[in-house]
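Right, one structure below, let's go through it.
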Amino acid sequence: MKYMMFVCSDPEPETDESRVPDIEVWVAENDAAGRRVTGNVLAPPSAATTVRVRGGETMLTDGPFTETKEVIVGFDILECADLDEAIAVAAAHPMAHGGRIELRPYADL
């Protein structure tokens with residue numbers, strides 16, 4: 001089952017950085033196991049362009065859609081047997097300590 005893993009910042013990160021896993025190790029282990037399909041870091045929210053169409057007109061706004069302290073800073077697409085495996089993979093990610101991880105299964109359309 002495929003899961004989208006949104007990697008988010010958090011205003012209340014783990015304070016003991018010695019407990020935070022190494023991102024390179026996390027990527028290598030999950031790539032080798034075939035659980036990580038792809039992933040990347042995103043540019044900062046200030047680089048965002050928000051696109052809306054209203055009344056047939058395309059409107060663009062510089063910056064993110066919302067103002068918030070937590071922002072999506074990266075993503076990974078995971079291929080896991082089930083939600084329990086996806087949770088274990090997410091919990092081992094460094095940003096689970098310094099930020100937040102949001103998991104969403106792909107929707108069946």
Side-chain angles (χ1 to χ4, degrees):
M1 181 170 215
K2 280 197 172 122
Y3 290 88
M4 176 63 82
M5 188 176 89
F6 295 103
V7 180
C8 308
S9 66
D10 190 324
E12 299 175 11
E14 168 75 60
T15 56
D16 182 1
E17 292 190 23
S18 68
R19 298 168 51 165
V20 178
D22 183 296
I23 187 62
E24 299 299 328
V25 172
W26 183 91
V27 168
E29 287 176 352
N30 287 287
D31 282 356
R35 289 185 296 256
R36 182 174 171 273
V37 177
T38 190
N40 212 331
V41 177
L42 299 175
S46 60
T49 299
T50 300
V51 180
R52 297 177 293 153
V53 177
R54 301 293 184 270
E57 183 180 340
T58 302
M59 297 181 288
L60 305 177
T61 305
D62 291 335
F65 176 68
T66 60
E67 293 294 324
T68 181
K69 291 181 183 178
E70 300 87 13
V71 296
I72 299 172
V73 296
F75 73 94
D76 292 279
I77 297 174
L78 306 176
E79 181 71 50
C80 296
D82 54 28
L83 180 58
D84 290 336
E85 183 181 14
I87 290 170
V89 171
H93 192 283
M95 282 299 285
H97 298 259
R100 299 176 187 205
I101 304 290
E102 179 179 329
L103 291 170
R104 291 193 202 176
Y106 274 42
D108 291 328
L109 299 177

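Heavy atoms only, all atoms of each residue included: Gly98 and Pro13 are closest at O-CB, 3.3 Å. When all heavy atoms of Pro94 and Pro21 are compared, the closest pair comes out as CG-O, 3.1 Å. Nearest approach of Gly39 to Asp76, heavy atoms of both residues: CA-OD1, 3.4 Å. Heavy-atom minimum distance, Ala91 versus Ala96: O-CB, 3.8 Å.
With a 4.5 Å cut-off on side-chain heavy atoms, Ile77 and Met4 count as touching.
Ile87 forms part of a hydrophobic cluster together with Met1, Tyr3, Met5, Val7, Ile23, Trp26, Val27, Val71, Val73, Leu78, Leu83, Val89, Met95, Ile101, Leu103, judged by ILVMFWY side-chain heavy-atom separations under 4.5 Å. Taking Ile, Leu, Val, Met, Phe, Trp and Tyr as members and joining any whose side-chain heavy atoms lie under 4.5 Å apart, directly or through other members, the hydrophobic cluster of Val51 also contains Leu60.
Judged as a side chain to side chain donor-acceptor pair (under 3.5 Å), and not counting sequence neighbours, the contacts of Asp16 are Ser18. Applying the side chain to side chain donor-acceptor pair (under 3.5 Å) test to Glu79 and every residue at least two apart in sequence or in another chain returns nothing. Checked against side chain to side chain donor-acceptor pair (under 3.5 Å), Arg35 has the following partners two or more places apart in sequence or in another chain: Asn30. Under the rule for a ring pair (Phe, Tyr, Trp, His ring centres under 6.0 Å), His97 has no partner lying at least two apart in sequence or in another chain. Under the side-chain contact (heavy atoms from CB on, under 4.5 Å) criterion, Asn40 pairs with Phe75, not counting sequence neighbours. The side-chain contact (heavy atoms from CB on, under 4.5 Å) check on Asp84 picks up Asp82, with sequence neighbours excluded. The side chain to side chain donor-acceptor pair (under 3.5 Å) check on Thr38 picks up nothing, with sequence neighbours excluded. Every salt bridge (Lys or Arg N to Asp or Glu O under 4.0 Å) that Glu102 has, sequence neighbours left out, goes to Arg104.
Counting only residues at least two apart or in different chains, ring-ring contact (aromatic ring centres under 6.0 Å, His included) contacts with residues 36-56 are absent. For residues 91-100, the pairs satisfying salt bridge (Lys or Arg N to Asp or Glu O under 4.0 Å) are Asp10-Arg100, Glu70-Arg100, with sequence neighbours left out.
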